[in-house]
There are 2 protein chains.
Amino acid sequence: MKATRKKKSNGSARGIEFPPHDSAGYLVRDAHRAFQHLLEKRIAPYGVTRGQWYFLRVLWTQDGLSQRELSERVGMMEPTTVIALQSMEKAGLVRRSRSADDKRRAQVWLTPKAKRLKQRLLPVARHITMQAREGVTRAEFELFRDVIARMTTNLDRLKR
Amino acid sequence: MKATRKKKSNGSARGIEFPPHDSAGYLVRDAHRAFQHLLEKRIAPYGVTRGQWYFLRVLWTQDGLSQRELSERVGMMEPTTVIALQSMEKAGLVRRSRSADDKRRAQVWLTPKAKRLKQRLLPVARHITMQAREGVTRAEFELFRDVIARMTTNLDRLKR
DNA sequence: TCCATTTGGATAGAAATCTAAGTAATATTG
DNA sequence: CAATATTACTTAGATTTCTATCCAAATGGA
């Protein structure tokens with residue numbers, strides 16, 4: 001059944017196939033989605049969204065950064081940062097103040113509530129990583145880390 | 001400079017740090033974004049968006065699928081599929097017809113234009129993969145593939 | 001046959017992103 | 001010092017994705 005055109009429609013030149021399974025991009029995409037969904041599910045009970053998560057991670061390490069610095073460290077464009085911070089301010093996770101020296105500059109400060117969340121949420125992240133790595137040896141993981149980082153570097157170099 | 005509180009604010013319990021660099025999730029996220037951005041940039045000249053890309057990939061392999069089947073194969077929820085297909089229909093990449101047997105069922109067909117794009121676009125994808133893998137040996141890549149697939153499986157198992 | 005369930009799609013609304021184009025404050029330079 | 005450029009953030013608008021509902025067609029029992 002369904003033998004209608006097969007050779008023909010699948011690309012006229014040889015080698016025109018490219019199964020997703022062979023594609024690093026697909027592997028990475030699937031893994032990314034799996035991480036995202038699980039993270040989302042596990043932090044939602046604390047009232048934190050995935051978009052807020054990355055900013056919390058950075059601010060837990062260093063508080064009082066400007067929006068620009070935050071954007072860079074989180075790896076997002078500034079409009080994204082604006083939106084995330086608005087939602088975080090509304091959720092009582094940060095407050096923003098203008099710098100006295102430079103009135104353009106907005107400094108972002110964690111609230112006590114957000115600081116307390118660190119103790120709850122970092123273990124969640126660590127747990128997800130551990131669960132992901134189940135059955136993966138340290139050596140395997142280290143090679144994985146090395147390879148994926150090299151691929152990312154390769155691609156980033158092409159973006160500019 | 002900036003020596004204000006350091007020990008204290010970095011988490012009161014020991015082991016409460018978790019640098020992104022040690023996190024599989026961050027590695028995967030960075031790689032994913034690198035792939036996405038480059039793909040987007042390279043297919044944009046053909047008038048194809050990243051959201052349409054995945055559907056094209058599947059339809060190039062098998063045409064005439066229903067929306068449900070497409071959603072499953074692409075790995076997206078159905079509302080996402082609806083939106084993507086609307087944009088693809090508007091862009092002249094697919095047309096949809098109701099199945100005669102089952103009037104609920106919408107079948108999705110590639111236009112000749114979309115079929116022709118295969119020859120242009122698959123090489124783009126293959127090229128990105130090749131560029132990503134530069135300096136990565138086959139053995140390294142195969143271990144990478146194995147590890148990331150195992151991690152994805154581990155995480156997916158936890159989602160239900 | 002008729003009603004309840006299941007199935008295939010669509011809509012609504014939210015979130016997380018981006019690019020492009022503002023606005024306001026600061027810095028530079030002729 | 002005034003005109004210009006740069007910097008920090010914001011707004012606008014588009015895309016991609018989700019969850020939660022809803023509608024309409026088909027199916028299966030009672």
Side-chain angles (χ1 to χ4, degrees), chain A residues 29-30 32-41 43-44 47-57 64-91 93-94 96-108 159-160, chain B residues 29-30 32-41 43-44 47-57 64-91 93-94 96-108 159-160:
Chain A
R29 167 179 176 253
D30 288 347
H32 179 244
R33 292 155 67 90
F35 272 108
Q36 293 302 293
H37 290 162
L38 199 58
L39 178 67
E40 223 164 73
K41 205 143 275 179
I43 63 181
V48 174
T49 70
R50 170 179 113 232
Q52 301 170 341
W53 170 259
Y54 302 109
F55 292 93
L56 282 177
R57 282 279 311 245
L65 293 170
S66 74
Q67 297 194 190
R68 172 126 327 160
E69 286 167 328
L70 266 175
S71 304
E72 271 159 24
R73 300 222 196 168
V74 170
M76 308 257 199
M77 292 297 102
E78 295 196 37
T80 309
T81 302
V82 170
I83 296 198
L85 290 179
Q86 280 167 355
S87 89
M88 292 175 80
E89 195 158 33
K90 206 177 302 172
L93 294 170
V94 300
R96 283 181 286 178
S97 61
R98 289 285 169 177
S99 160
D101 314 2
D102 184 339
K103 268 173 282 183
R104 291 169 304 183
R105 197 179 179 85
Q107 287 176 292
V108 180
K159 253 186 332 205
R160 47 160 178 69
Chain B
R29 166 179 176 254
D30 288 347
H32 179 244
R33 292 156 68 89
F35 272 108
Q36 294 303 292
H37 290 163
L38 199 58
L39 179 66
E40 221 164 76
K41 204 143 273 178
I43 64 182
V48 173
T49 70
R50 169 179 115 233
Q52 300 170 341
W53 170 260
Y54 302 109
F55 293 92
L56 283 176
R57 282 274 319 241
L65 294 169
S66 73
Q67 298 195 188
R68 173 131 322 165
E69 287 167 327
L70 266 175
S71 304
E72 271 158 24
R73 300 223 197 168
V74 170
M76 306 258 197
M77 293 296 102
E78 295 195 37
T80 309
T81 303
V82 170
I83 296 199
L85 290 179
Q86 280 169 354
S87 89
M88 292 174 80
E89 194 158 35
K90 205 177 303 174
L93 294 169
V94 300
R96 283 181 287 179
S97 61
R98 289 284 169 178
S99 160
D101 314 1
D102 185 339
K103 269 173 281 183
R104 292 170 304 182
R105 197 180 178 84
Q107 288 176 291
V108 181
K159 253 187 333 204
R160 46 158 179 68

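Throughout, protein chains are lettered first and strands after them, A, B, ... in sequence-line order, and every chain is numbered starting at 1.
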Verify side-chain hydrogen bond (donor to acceptor under 3.5 Å, both in side chains) between A:Q52 and A:S87, making sure each step is shown before the conclusion. CA-CA 8 Å; A:Q52 301 170 341; A:S87 89; 3.0 Å; yes
Let me know, please, whether B:R29 or B:Q67 comes out on the 5' side of the other along DNA chain C by nearest nucleotide. B:Q67
Which is true for B:T49 with a 4.0 Å heavy-atom rule: it touches a base, it touches only sugar-phosphate, or it touches nothing? sugar-phosphate
For a quick check of understanding: with a heavy-atom distance under 4.0 Å over all strands, which category does B:R68 fall into, base, sugar-phosphate or nothing? base
Closest-nucleotide ordering on DNA chain D, the 5'-leading residue of A:R96 and B:R104: A:R96
Quick one: label A:E78 by what it contacts on the DNA or RNA (base, sugar-phosphate, nothing), any heavy atom closer than 4.0 Å. base
Given D:dC18, is OP1 or OP2 found less than 4.0 Å from the side-chain N or O atoms of A:R33? yes
Along DNA chain C, first and last positions that approach a heavy atom of chain A under 4.0 Å: C:dA16 to C:dT26
When rounded to whole Å, the CD to C1' distance for the pair B:E40 and D:dT15 reads 8 Å
Distance, rounded to the nearest Å, where B:L85 contributes CG and D:dT16 contributes P: 12 Å
Could you state the atom-to-atom distance from CG of A:L65 to C1' of D:dA8 in whole Å? 14 Å
Check B:S71 against B:E78 and note the closest heavy-atom contact, atom names and distance. OG-CG, 3.5 Å
If you look at every strand shown and take non-hydrogen atoms under 4.0 Å, does B:Q36 touch a base, only sugar-phosphate, or nothing? nothing
Suppose we screen for side chain to side chain donor-acceptor pair (under 3.5 Å). Which residues come up paired with B:Q86, at least two apart in sequence or across chains? none
With sequence neighbours excluded, tell me which residues meet salt bridge (charged side-chain N to carboxylate O under 4.0 Å, His left out) with B:E69. B:R105
If you draw the axis of the six-membered ring of A:Y54, does the NZ or CZ of A:R73 fall within 45° of it and under 6.0 Å from the ring centre? no
Heavy atoms only, 4.0 Å cut-off, all strands: where does B:S66 land among base, sugar-phosphate and nothing? sugar-phosphate
Report the distance from atom CG of B:D102 to atom P of D:dT27, rounded to the nearest whole Å. 6 Å
Among D:dA20, D:dT17, D:dC9, which nucleotide sits nearest the side chain of B:P79? D:dA20
Tightest non-hydrogen contact, residues B:V48 and B:I43, listed as O-CG1, 3.2 Å
Using a 4.0 Å heavy-atom cut-off across all strands, classify B:E69 as base, sugar-phosphate, or nothing. nothing
Rounded to whole Å, how long is the line connecting atom CH2 of B:W53 with atom P of D:dT15? 19 Å
Tell me: CZ of B:R50 to C1' of D:dA14, nearest whole Å? 12 Å
Could you state the CD1-P distance from A:I83 to D:dT11, rounded to the nearest angstrom? 10 Å
Within-4.5 Å side-chain heavy-atom neighbours: B:L70 and B:L85: yes
Rounded distance in Å - CE (B:M76) to C1' (D:dT15): 12 Å
Given the rule in the side chain to side chain contact (heavy atoms under 4.5 Å, CB included) test, do A:W53 and A:E40 qualify, once you have shown the distances and angles that lead to the verdict? CA-CA 9 Å; A:W53 170 259; A:E40 223 164 73; over 6 Å; no
